[in-house]
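Step one of this worksheet: look at the structure below.
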Amino acid sequence: MQDGATGIGASVKRVEDKRFLTGKGRYTDDINRPGQVHAYILRSPHAHATIKGMNKAAAEAAPGVIAVFNGEDMEVGSLPCGWQVNNKDGSPMHEPGHPPLARGKVRHVGDQVAVIIAETLEQAKDASDLLAVEYQTHEASIHMDKALGGGPLVHDEIGTNLCYDWEIGDEAEVDKVFAGAAHVTEIDIVNNRLIPNAMEPRAAVGEYDRSDDRYTLYTTSQNPHVIRLLMGAFVLSIPEHKLRVVAPDVGGGFGSKIYHYAEEAIVTWAAPKVGRPIKWTAERSESFISDAHGRDHISHAKMAMDKDGKFLGLKVATKANMGAYLSTFAPCVPTYLYATLLAGVYTTPVIYCNVKAVFTHTVPVDAYRGAGRPEATYLLERLVAKCARETGISQTDIRRKNFIPADAFPYQTPVALQYDSGDYITTLDAAEKAHDVAGFPARKAASEAKGKRRGIGYSTYLEACGIAPSAVVGSLGARAGLYESAEVRVHPTGSVTVFTGSHSHGQGHETTFAQLVSEKLGVPYDAIEISHGDTDKVQFGMGTYGSRSLAVGGVAIDKALDKVIAKAKKIAAHMMEASDEDLEFKDGKFTVAGTDRELSFGEVALSAYVPHNFPHEELEPGLDEKAFYDPLNFTYPGGCHIAEVEVDPETGVVTMERMTAVDDVGRVVNPMIVAGQIHGGLAQGIGQALLEGCVYDDSGQLLTGSYMDYTMPRADNLPSFGVGTESTMCTHNSLGVKGCGEVGAIGSPPAVINALVDALWDVGVRDMPMPATPQTVWNVINSAGTAAAAE
Amino acid sequence: MYDFAYHKPSSVSDAVAALQGAEDGTVIAGGMTLIPTMKQRLAQPSDLIDLSGIGDLKGISVSGGTVTIGAMTTHAAVANSPDVQKAIPALAHLAGHIGDAQVRNRGTIGGSIANNDPTACYPSACLALGATIKTDSREIPAEEFFDGMFSTALEEGEMVVAVSFPVPEKAAYIKFPNPASRYALVGVFVAKTADGVRVAVTGAGEGGVYRASELEGPLSSNFSADAIKDVKLSADGLNSDIHASSAYRAHLVGVMARRAVEAANA
Ligand SMILES: Cc1cc2nc3c(=O)[nH]c(=O)nc-3n(C[C@H](O)[C@H](O)[C@H](O)COP(=O)(O)OP(=O)(O)OC[C@H]3O[C@@H](n4cnc5c(N)ncnc54)[C@H](O)[C@@H]3O)c2cc1C
């Protein structure tokens, strides 16, 4: 790529960073509407209680208070769930109601009990002290085993805490394979619950304009059109044309800002009642108990192998925590985004997985960076590492032996997905080289000389993103399509605005998407603007999650660009009195084959809007095209992550010495942005492996409710990453792109834990839970020592 | 945060008068602990007496084998002071590892010891070095100052003016940080002085900072890590939480003590 290049493959600096780095980002909390008042949400201090009564009088009479509403006042629809999963027997999952303000019962610490609206936030908080709620508390079901083992019901009306009992694969067939296997390796896996912690806490501003009976909601969302649909159609009964949803700059989401949350509905519903715009902004401690959490699986898995370590069959049983209510995407995460990934990069011919989803008295759990795929990858890559240990085959040989070969694509797995492309040996080789695996024994010896232990761990993973073909997800219970839309509007002087349904909450779309346009139209980069996040501007959109922005949203832009070029060719042909077949468009110029006639893109654009001599029955004025793109398949990034850790056996402290990731993300549009996405994902993956763990006590109080106790990864917890890409192209989209937003968080946790087990293998350690905090590692070392002494 | 009246006196006597005149007044130093507590509505002082306008409370002086640090001296000022680095490098090191840069630029030694957070670093230095806490009305030996978590010998309306530390022969502080907050999960300050060896432990004890006499004895006769390598420390009376059981803390006290002795001897 030459200097100053702005097309595909150039590391263009992120245009949005100018405003982010100079404090000029426009976030929801920066929006202040004339006459705005403030909402404070009173939340349940109990995990499980009946609301016996509420006396609002004193709070209503407090200085500055405009209104106090509770669940009895707010009679609206239930916060909807967007995905229906069916039980083994075909019956639908249990789907209890989720009122924006609790009615009758509260079901987790942080459940919304009432909203106090006042002139200032401090007045609303002062009044909340006067709001007398009488609770009758009950024992809670916090842990899944208790919830399923006769613990208190989260929703009395459904009579069980089992949301669904789902399966994929043929259990009898898989059992048969196990019966004849030469060796079976089994593992128990806990995927620790995480709290997302986007840098910007959630916020919402609701406004109602009486003059045209129109509502506006400003919100911290990854998908404003989805919020418009869910809130408008299901909760508040406001038709789309009367509801505008704006998600301006959003400071990170990691999934937690996909869902439709109560506070959005509360401020929108209350705005006409109080006749003023209403703002609500979460405080950090409020985010901990109201943003959907992630992960939280307990699984048992076993792999059947032949005598040479070839995988014959995989059987998995998983319990997945749903929390107290079904969040927007929750049911699909441990099923269609999880069990369908259990083939990984391997040729395992038969797979069976049973998933039980469980209600507990905890914050709802939903998709979090990777959503289901990190859980599948962690289980599989821990299991594969254990298979290698038990069979005595090396960590890389067992993988190579079982990889889907590069010439086997398209490859149909036994768990529904059909992979289009990949080359797992190449990414493994490249990662080993980049990591300097050859130098590991010397580094290990150096660590041992200092009294430390060193280990290396692999993860050769695959994920399915670019979510998702509507027909496929529709058949699996999605209540929405997962296409994306784009509009490319060429202005008279040749500058371009792109309206995209993908929402950037830190990913750098304003840069990457402009590169697509610059590449294809030859328009100077600074003449392109990307517009997103406003339902009044953008035609439609399904938003950003599941690493879908470039693979679905970007391809929609590409399709709209094709339409623009086709139309512009017609105009150019007319202007140059040629036939459009004879026209060529290259580097921003239209030329007529075999002549020296040419027109610039700008000249054609101007003519489109000054159509003085257009044959109007054949050629419409204007140059503005829309496209909707529904992907033909998921995309399948994959690769190899190698972690190297050093352990201080005396204290249990683990330091990340090296982390190498070589990923196949398909075509790379902006290498710098891809590297940045992978860095962030690795930080979150290492965070999950070593630092982050959500802990509730048995009564349902969140013990990790602030940064005093919840360990976020910090720069000094992380090594300098070695990242690289070795790509095969996606074969079913026009850009060849796969996705890079989640791979770091998906691939890395098992590499880290495998490295830790490797480091401590010689002292008898065989397993290591996440997060591997110093105390946990120390305890594991001690019990390994005790076990060894007992033998 | 609830409403409060704000005062900014320019002398210690005015501050004490304001404090004693207030219904439920509190002094504010760096505000690093107090302001978050107020924002969470866990504290509701009627009056805040801001000590930042009192020049006399800031500064470091070394004379006659004693380092005296004004109550309003920030952690950053202690960490970066060439005088402290020379006289008691362990103290400068301790101050330089409190919190993050923002906290070190605001938080003060007076605020830290008056607050007596059981996981704070400074109390261990005070105890191990045998510091004297000077208040507006008296001098209190460190031994008598810290009395249980978040509790001190300060009377209502009394404030810390300065802390003086006798210069030891050797000293070191090693902190094992809480992975999340990075306060001391266990912090051990060892000091070798003319009167013997003192070992103070913060972060571990249910009652806040304490002296580990089981370690002091062996170290007084042989100031080396080897002298304490076989000492078994009891977990009784130690904190247990999600980050560390009392047994793990007891173990860490031993490890950090050995590492501190090694650092002091280095
Ligand atoms: C993110 C973070 C990390 C931290 N990490 C550490 C750490 O690793 N180690 C550590 O030791 N500490 C740590 N701290 C605490 C820090 O050292 C605080 O600065 C200290 O606890 C309080 O000092 P302050 O000057 O901010 O006091 P303030 O918050 O202003 O006051 C604290 C209390 O002391 C009282 N007070 C203040 N000055 C006086 C005085 N002169 N006389 C009488 N009473 C007084 C106040 O009334 C108040 O009750 C951390 C704090 C934060 C926010």
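Throughout, a chain's letter reflects where its sequence line sits, starting with A, and its residues are numbered from 1. These values consider heavy atoms only, across backbone and side chains, with no hydrogens, waters or symmetry-generated copies.
- B/Y122 and B/H75 have tilted rings, their planes meeting at an angle from 30° to 60° on a 0 to 90° scale.
- Both the backbone and the side chain of A/T651 come within less than 4.5 Å of a heavy atom of chain B.
- Contact of B/R249 with chain A is not made at all, since no heavy-atom distance falls under 4.5 Å.
- With respect to the salt-bridge test (charged N to carboxylate O, under 4.0 angstrom), the residues A/K450 and A/E646 qualify.
- Neither the backbone nor the side chain of A/L691 comes within contact range of chain B; no heavy atoms are under 4.5 Å apart.
- The part of B/L252 that comes within reach of chain A is its side chain, from C-beta onward, which places non-hydrogen atoms under 4.5 angstrom from that chain.
- Under 4.0 Å is where a charged nitrogen must lie from a carboxylate oxygen, and between A/E650 and B/R258 at least one such pair does.
- By the 30° and 60° cut-offs, the orientation of the rings of A/Y368 relative to A/F254 is perpendicular.
- For residues 117-126 of chain A, a heavy-atom distance under 4.5 Å to chain B picks out A/E122, A/K125, A/D126, given by residue number.
- Classification of the A/Y707-A/F288 ring pair by plane angle, with boundaries at 30° and 60°, yields perpendicular.
- For A/D129 and B/R41, the salt-bridge test passes: some basic side-chain N is under 4.0 Å from an acidic carboxylate O.
- Contact check on B/R182 versus A/D716 returns a salt bridge, with a Lys/Arg side-chain nitrogen under 4.0 Å from an Asp/Glu carboxylate oxygen.
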